Amino acid sequence: MNKIKLLMLLVLVSVQSCITQSTKINGVSFVASRDTIKDIHVKPVANVGANYAAIMPFGFIRELSHPNIMYNTNRQWFGETKLGVKQYVEILRKHGIKAMVKPQIWVSKGEFTGGIKMTSEENWKLLEASYSKFILDFAEAAEEVHAEIFCIGTELEGFVDHRPDYWKQLIVEIRSVYKGQLTYAANWNEYNRTPFWNQLDFIGIDAYFPVSTSKTPSVLECKEGWVKYFDEIKTMSTTTGKPILFTEYGYRSVDYSGKEPWRSDRDMTVVNLEAQNNTTQALYETFWDEDWFAGGFVWKWFHNHENSGGLENSRFTPQNKPVEALIKSRYSE
């Protein structure tokens, strides 16, 4: 009788483990295109085993100190607009893929959004009003299509540092129009001082942590590189009671891919597929089996899969590279 009970317990533990893995957010960051997307564009997302996609509409700021956000204009690509968000989410859902709507800001000349900072109280107020309109419009769109997760901002550390009370009130306003789960995409060196995690459902991190200084880092070296961050990330989850979500993660297929993973400089052109593969595998082996880790969204995935990435491509996308098979293996578990 005791042996039967033990067997039943082992089966139960095994089932719970499977449920935990099956409910991981195995996501891709789905880049907006000029036009609507079709089934042919979504099938590769399903084929890689993804169960989530981040949909990323954009607003534009002229410079870091400019308070007005332009968005949802006829000069933008379709996928960056409210109509695009709705169309993308609906067709992804047809294929069993859930959505995180993740509005982002683009500053002219590609300046880092974390550096957004106003020069007067008047302009801070203007920025707050403009951002509220921007984010609440997309929160309403996310609610209309029942997107599972909504991200309230991406790498806006200067804005958050200078106006924490505004953000806390903004979350209340977002909750009034959007009923799903909320996160914020904090930069890797920002998340530990973000002041409003207790109001959200996930601690969101864009996980571009430096993990290696080697030209072609090994998996072991990268895992050792994660040691100095791992406990702090886990503790953040434990103390807040919130799961960790990598709102972005990924590596370029270049030399020194683990040294400064956030870099997107176009002069980095020497292709190193092994470096991309090893850094990605180390991240999976470090985090994906942890019960406090919700999952993540690989950066980034283009709609036209057949013509994206490839063995000569040095950018972030995993498409048509060896790392795509690694992602599929992990996402299909």
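Here the structure is a predicted model, which means the values were calculated and not measured.
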Between Asp255 and Asn272: side-chain donor-acceptor atoms closer than 3.5 Å
yes
Going by the angle between their ring planes, with limits at 30° and 60°, are Phe246 and Phe293 parallel, tilted or perpendicular?
perpendicular
Can you sort out the partners of Lys133 under side chain to side chain donor-acceptor pair (under 3.5 Å), two or more places apart, ordered by chain and number?
Tyr71
Would you say that Phe159 contacts Trp167 through its side chain, given a criterion of any heavy-atom pair below 4.5 Å between the two side chains?
yes
Looking only at the aromatic ring of each residue, does the gap between the centers of Tyr251 and Phe316 stay below 6.0 angstrom?
no
Quick check: is Met268 connected to Val270 through a chain of hydrophobic side chains (ILVMFWY, heavy atoms under 4.5 Å apart)?
no
Distance from Leu273 atom CG to Ser314 atom OG, nearest 0.5 Å?
10.0 Å
What orientation do Phe297 and Tyr52 show, parallel under 30°, tilted 30 to 60°, or perpendicular over 60°?
perpendicular
By the definition side-chain contact (heavy atoms from CB on, under 4.5 Å), identify the one residue from Asn123, Thr119, Leu127 that meets it with Ser65.
Thr119
When you measure from the side chain of Ser308 to the backbone N and O of Asn304, does any donor-acceptor pair fall under 3.5 Å?
yes
Looking at every heavy atom in both Asn278 and Ser218, which two are closest together, and how far apart are they?
ND2-CA, 3.9 Å
Steps toward side chain to side chain donor-acceptor pair (under 3.5 Å) verdict (Trp262, Asp206):
CA-CA 9 Å; Trp262 60 86; Asp206 286 357; over 6 Å; no
Quick test of your reading of the model: are Glu333 and Arg330 salt-bridged, counting only N-O distances below 4.0 Å?
yes
Taking Glu324 for its side chain and Asn320 for its backbone only, find out whether a donor-acceptor pair lies under 3.5 Å.
yes
Glu274/Thr216 under side chain to side chain donor-acceptor pair (under 3.5 Å): CA gap, chis, key distance, verdict
CA-CA 7 Å; Glu274 184 180 357; Thr216 305; 5.2 Å; no
Can Lys82 and Glu144 be said to form a salt bridge (charged side-chain N to carboxylate O under 4.0 Å, His left out), step by step?
CA-CA 11 Å; Lys82 287 180 71 175; Glu144 287 173 17; 5.6 Å; no
Spacing of OH belonging to Tyr88 relative to OG1 belonging to Thr36, to within rounding of 0.5 Å
7.5 Å
Under 3.5 Å, is there a donor on one side chain and an acceptor on the other for Ser132 and Tyr166?
yes
So which atom in Ala53 and which in Ile97 form the shortest heavy-atom distance, rounded to 0.1 Å?
N-CG2, 3.8 Å
Could you check if a side-chain atom of Val177 sits within less than 4.5 angstrom of a side-chain atom of Glu173, using non-hydrogen atoms only?
no
Expected output: side-chain Arg93 to main-chain His146 donor-acceptor under 3.5 Å
yes
Which pairs would a plain distance check flag for residues 103-110, meaning a side-chain donor or acceptor within less than 3.5 Å of a matching protein atom at least two apart in sequence or in another chain?
none

Derivation of the side chain to side chain donor-acceptor pair (under 3.5 Å) call for Thr286 and Tyr229:
CA-CA 11 Å; Thr286 301; Tyr229 309 113; over 6 Å; no
Using side-chain heavy atoms (C-beta onward) and a distance below 4.5 Å, is Gln181 in contact with Phe202?
yes
Does the pair Leu156 and Ile116 meet the rule for a side-chain contact (heavy atoms from CB on, under 4.5 Å), with working shown?
CA-CA 7 Å; Leu156 295 169; Ile116 291 173; 4.0 Å; yes
For Lys179 and Glu143, run salt bridge (charged side-chain N to carboxylate O under 4.0 Å, His left out): C-alpha distance rounded to whole Å, both residues' side-chain angles, the deciding distance at 0.1 Å, then the answer.
CA-CA 7 Å; Lys179 306 307 179 186; Glu143 177 65 20; over 6 Å; no
Would you tell me whether Lys321 and Asn313 have side-chain atoms, one donor and one acceptor, within less than 3.5 Å of each other?
yes
Distance col, row Gln276:CD vs Ser257:OG, nearest 0.5 angstrom, shows 7.5 Å
Can Ser130 and Asn68 be said to form a side chain to side chain donor-acceptor pair (under 3.5 Å), step by step?
CA-CA 6 Å; Ser130 188; Asn68 294 321; 4.7 Å; no
Taking only Lys NZ, Arg NE, NH1 and NH2, and the carboxylate oxygens of Asp or Glu, determine whether Asp201 and Arg175 approach each other closer than 4.0 Å.
yes
Verify same cluster id: Leu136, Leu83 (apolar side-chain graph, 4.5 Å):
yes
d(Lys259 NZ, Lys215 NZ) to nearest 0.5 Å is 12.5 Å
Between Lys125 and Arg163, does a side-chain contact (heavy atoms from CB on, under 4.5 Å) hold up when you go through it step by step?
CA-CA 10 Å; Lys125 292 291 188 183; Arg163 313 297 282 191; 4.0 Å; yes
Heavy-atom side-chain contact between Phe112 and Glu155 under 4.5 Å
yes
Give the C-alpha distance, both sets of side-chain angles, the deciding distance and a yes or no for side-chain contact (heavy atoms from CB on, under 4.5 Å) between Leu200 and Ile171.
CA-CA 8 Å; Leu200 304 180; Ile171 294 167; 3.8 Å; yes
Would Val160 and Leu126 show up in the same hydrophobic cluster when neighbours are defined by side-chain heavy atoms closer than 4.5 Å?
no
For the residue pair Asp35 and Ser33, what are the closest heavy atoms and their distance?
O-OG, 2.9 Å
Between Thr317 and Gln319, does any side-chain donor sit less than 3.5 Å from a side-chain acceptor?
yes
Check the angle between the aromatic planes of Phe209 and Trp226 and answer parallel, tilted or perpendicular using the 30° and 60° thresholds.
tilted
Under 4.5 Å between side-chain heavy atoms, hopping through other hydrophobics if needed: is there a path connecting Ile40 to Val28?
no
Pair Ser29-Tyr249, side-chain donor/acceptor within less than 3.5 Å
no
Going hydrophobic residue to hydrophobic residue with side-chain gaps under 4.5 angstrom, can you get from Trp188 over to Trp288?
yes
Taking side chain as C-beta onward, heavy atoms only, is Thr183 less than 4.5 Å from Ile149?
yes
Would you call Arg263 and Glu260 a salt bridge, using N to O less than 4.0 angstrom?
yes
First locate atom CD1 of Ile244, then atom CE of Met236, and finally report the distance between them rounded to the nearest 0.5 Å.
7.0 Å
Please evaluate residues Gln199 and Val172 with respect to the criterion side-chain contact (heavy atoms from CB on, under 4.5 Å), reporting the C-alpha separation (whole Å), side-chain torsions for both, the decisive distance (0.1 Å), and the verdict.
CA-CA 8 Å; Gln199 292 179 263; Val172 174; 4.1 Å; yes
So how far is it from Asn51 CG to Asn26 CG, rounded to the nearest 0.5 Å?
5.0 Å
Is there a side-chain contact between Tyr191 and Ile233 in this structure, where contact means two heavy atoms from C-beta onward sitting under 4.5 Å apart?
yes
Regarding Glu221 and Ser212, do their side chains bring together a donor and an acceptor under 3.5 Å, going by distance alone?
yes
State whether the side chain of His41 and the backbone N or O of Lys38 hold a donor-acceptor pair below 3.5 Å, judged by distance alone.
yes
With a 3.5 Å distance limit and no angle check, can you tell me whether Arg315 reaches the backbone of Ser253 through a side-chain donor-acceptor pair?
no
Pairwise side-chain contact, Phe230 with Glu290, heavy-atom cut-off 4.5 Å (strictly under)
yes
Heavy-atom side-chain contact between Lys300 and Phe302 under 4.5 Å
yes
